[in-house]
There are 2 protein chains.
Amino acid sequence: MDQNKIPQATAKRLPLYYRFLNNLHHQGKLRVSSKELSEAVKVDSATIRRDFSYFGALGKKGYGYNVEYLLGFFRKTLDQDELTEVAIIGTGNLGTAFLHYNFMKNNNTKIMMAFDANPEKVGKDIGGVPIYHIDELEEKINGVQVAILTVPASVAEGITNRLVDVGISGILNFTPARITVPDSVRVHHIDLAVELQALVYFLKHYPLNTEE
Amino acid sequence: MDQNKIPQATAKRLPLYYRFLNNLHHQGKLRVSSKELSEAVKVDSATIRRDFSYFGALGKKGYGYNVEYLLGFFRKTLDQDELTEVAIIGTGNLGTAFLHYNFMKNNNTKIMMAFDANPEKVGKDIGGVPIYHIDELEEKINGVQVAILTVPASVAEGITNRLVDVGISGILNFTPARITVPDSVRVHHIDLAVELQALVYFLKHYPLNTEE
DNA sequence: GATAAGTCGTGATTAAATTCACAATTATAT
DNA sequence: ATATAATTGTGAATTTAATCACGACTTATC
Ligand SMILES: NC(=O)c1ccc[n+]([C@@H]2O[C@H](COP(=O)([O-])OP(=O)(O)OC[C@H]3O[C@@H](n4cnc5c(N)ncnc54)[C@H](O)[C@@H]3O)[C@@H](O)[C@H]2O)c1
Ligand SMILES: NC(=O)c1ccc[n+]([C@@H]2O[C@H](COP(=O)([O-])OP(=O)(O)OC[C@H]3O[C@@H](n4cnc5c(N)ncnc54)[C@H](O)[C@@H]3O)[C@@H](O)[C@H]2O)c1
């Protein structure tokens, strides 16, 4: 593939830059400097310039970056014109929250369908997205590349195996289970309980400057 | 404070280790090696040993780690006996999902209250947690150290200022707004749209081999 | 058109995190 | 007892990421 020399840390920041550039564009701004961007997204300006430089010379010295050009560039780089189909597995508290949310706003992803084991949920649709029974997973999921996993941890591994078997490419795993997948599948874990506990740990053990 | 020489990357993994040790303990396991732990939490075993070593020699060569001892050690280290009070700001899709979820399970945190601007939500309670009007923030929030911010991005900055003024210590920010706080407050951003988009980017640009 | 101010792109440096690899120690099998 | 296998803790090496700092170029001003 084209640019796999881009550091992972950089890749993770790209969507952030993209969203902010979109905002600027809507505000009618024509140019932006790494310093302004830095203040807005809270990333050091040298890091931003370095990040951009992996894609070539996108700016002009003494001027900054042209918002429209940069936005267009990132749109291509982030494949914003290509749609990625997503499915939600488990329409409980979290799954339902995602179904109600419009990820499409600045985004090249679309939630196409959801699955659940609870017969009361199956057959309904939430925010225009149909909910199928999990037994129909193999039958319905064609074309979906990414699964958002919001089922109880106890069934995460079993469902993951089925997702792998139907050829899913990526899983965004919100369960506490650390699922095992072959190398052909990419998993990102978002572990909300861990995030909360880590924040608490930092509060208690990493003294911050006190001045209000 | 006591151990602020611990690398941040290590600190972020501690809750993960703690949760898994809890599982092992409930299963009645008496010992565990860094290799087993590694397979379960998907962190390199050398990294685990290194992480643990920041706290001293917790294991025994040729044996591994005693589950109960390690668990007790982490309980203390992660202040599991001290309760941290949490408030949810904004009881929409996400905020409600969190209210229904029991963060307490393995955790030293408790959601004490929630706030919203919508009069239809105010006065109710969800999962035993009362919802107050956001106007009552200053009056009710005493004792709460951490706020989970799940309001629309447009009001995030204003509410953050009020949280800072009432002396909050930490904010878990789920809005796309990159909020500004004084150095006395710690903010962790969890940006779900960015996470999803980053996963998609990785899928398209990184030939699959390594998992995060 | 000369001067000052602003800003990028990047080589060099520093910092942080991960991983290798092995001596030291413990447990287990015979 | 002894040999073998397992496993830690850590110095050293490596990898990855962040930051410094400055030459080169652009724009604005007078
Ligand atoms: N809600 C939160 O705030 C929160 C926070 C941290 C972690 N999590 C994790 O996220 C996951 C989802 O949490 P939740 O609160 O939405 O749980 P939930 O119980 O509300 O939802 C789980 C859903 O999965 C469905 N389900 C059960 N078995 C299934 C199967 N075999 N196939 C398909 N669907 C099945 C259930 O019917 C239910 O609708 C859990 O693993 C939880 O630990 C949630
Ligand atoms: N739901 C998701 O899947 C999702 C995904 C990514 C990001 N987010 C972000 O998380 C945040 C919350 O998302 P959501 O889907 O829960 O939104 P939501 O609109 O469902 O909920 C927002 C809640 O905040 C309340 N609110 C509005 N103004 C307020 C104020 N001034 N003070 C207190 N409460 C106020 C509203 O009444 C509402 O209940 C948003 O910033 C959104 O961008 C959500």
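Listed by chain and residue number, A:D51 satisfy the salt bridge (Lys or Arg N to Asp or Glu O under 4.0 Å) test with A:R13 (two or more places apart in sequence, or in another chain). Applying the salt bridge (Lys or Arg N to Asp or Glu O under 4.0 Å) rule to B:D191 yields the partners A:R19, B:R178; only residues at least two apart in sequence or on another chain are considered. Remark: A:F20 engages no residue in a ring pair (Phe, Tyr, Trp, His ring centres under 6.0 Å) (not counting sequence neighbours). Taking the ring pair (Phe, Tyr, Trp, His ring centres under 6.0 Å) definition, one finds that B:F52 meets it with B:Y17, B:Y65, B:F74, sequence neighbours left out. Partners of A:E195 according to the salt bridge (Lys or Arg N to Asp or Glu O under 4.0 Å) rule, which considers only residues two or more places apart in sequence or in another chain, do not exist here. Under the rule for a ring pair (Phe, Tyr, Trp, His ring centres under 6.0 Å), the partners of B:H188 that lie at least two apart in sequence or sit in another chain are A:F202. Looking at residues two or more places apart in sequence or on another chain, you find a salt bridge (Lys or Arg N to Asp or Glu O under 4.0 Å) between B:R162 and B:E138.
Atom CD1 in B:I48 sits about 15 Å away from atom C1' in C:dA17, given to the nearest Å. Following rounding to the nearest Å, B:K60 (NZ) and C:dT26 (P) show an atom-to-atom distance of 8 Å. Rounded to a whole Å, the CG atom of B:N66 is 15 Å from the C1' atom of C:dA27. Between B:Y54 atom OH and C:dA16 atom P there is a gap of 11 Å when expressed in whole angstrom units. Nucleotide C:dA17 holds its C1' atom 18 Å from the NZ atom of B:K5, rounded to whole Å. If you measure from atom OH of B:Y63 to atom C1' of C:dT28, you get 14 Å, rounded to the nearest angstrom.
Each side-chain hydrogen bond (donor to acceptor under 3.5 Å, both in side chains) pair with one or both residues in residues 147-157 of chain B, not counting sequence neighbours, would appear here, but there are none. Residue pairs meeting the salt bridge (charged side-chain N to carboxylate O under 4.0 Å, His left out) criterion with at least one member in residues 57-76 of chain A, sequence neighbours excluded, do not occur.
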Distances under 3.5 Å between protein N/O atoms and the N/O atoms of nucleotides 20-25 of chain C, please, pair by pair.
from   : atom 1 : to    : atom 2 : distance (Å)
C:dA21 : N6     : B:R49 : NH2    : 3.3

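Of the residues A:I88, A:N173, A:L172, A:L94, the one that meets the side-chain contact (heavy atoms from CB on, under 4.5 Å) test with A:L149 is A:N173.
A:D79 contributes no side-chain N or O that, together with a main-chain N or O of A:E82, makes up a donor-acceptor pair within less than 3.5 Å.
Comparing B:G56 and A:T10 along DNA chain D, the residue whose closest nucleotide (by nearest heavy atom) sits nearer the 5' end is B:G56.
Across all strands, B:Y65 comes closer than 4.0 Å only to sugar-phosphate atoms, never to a base (heavy-atom distances).
A heavy atom closer than 4.0 Å to some atom of DNA chain C occurs in A:S33, A:S34, these being the qualifying members of residues 29-36 of chain A.
Chain A approaches DNA chain D over the interval D:dA17 to D:dT27, counting the first and last nucleotide 5' to 3' with an atom under 4.0 Å from its heavy atoms.
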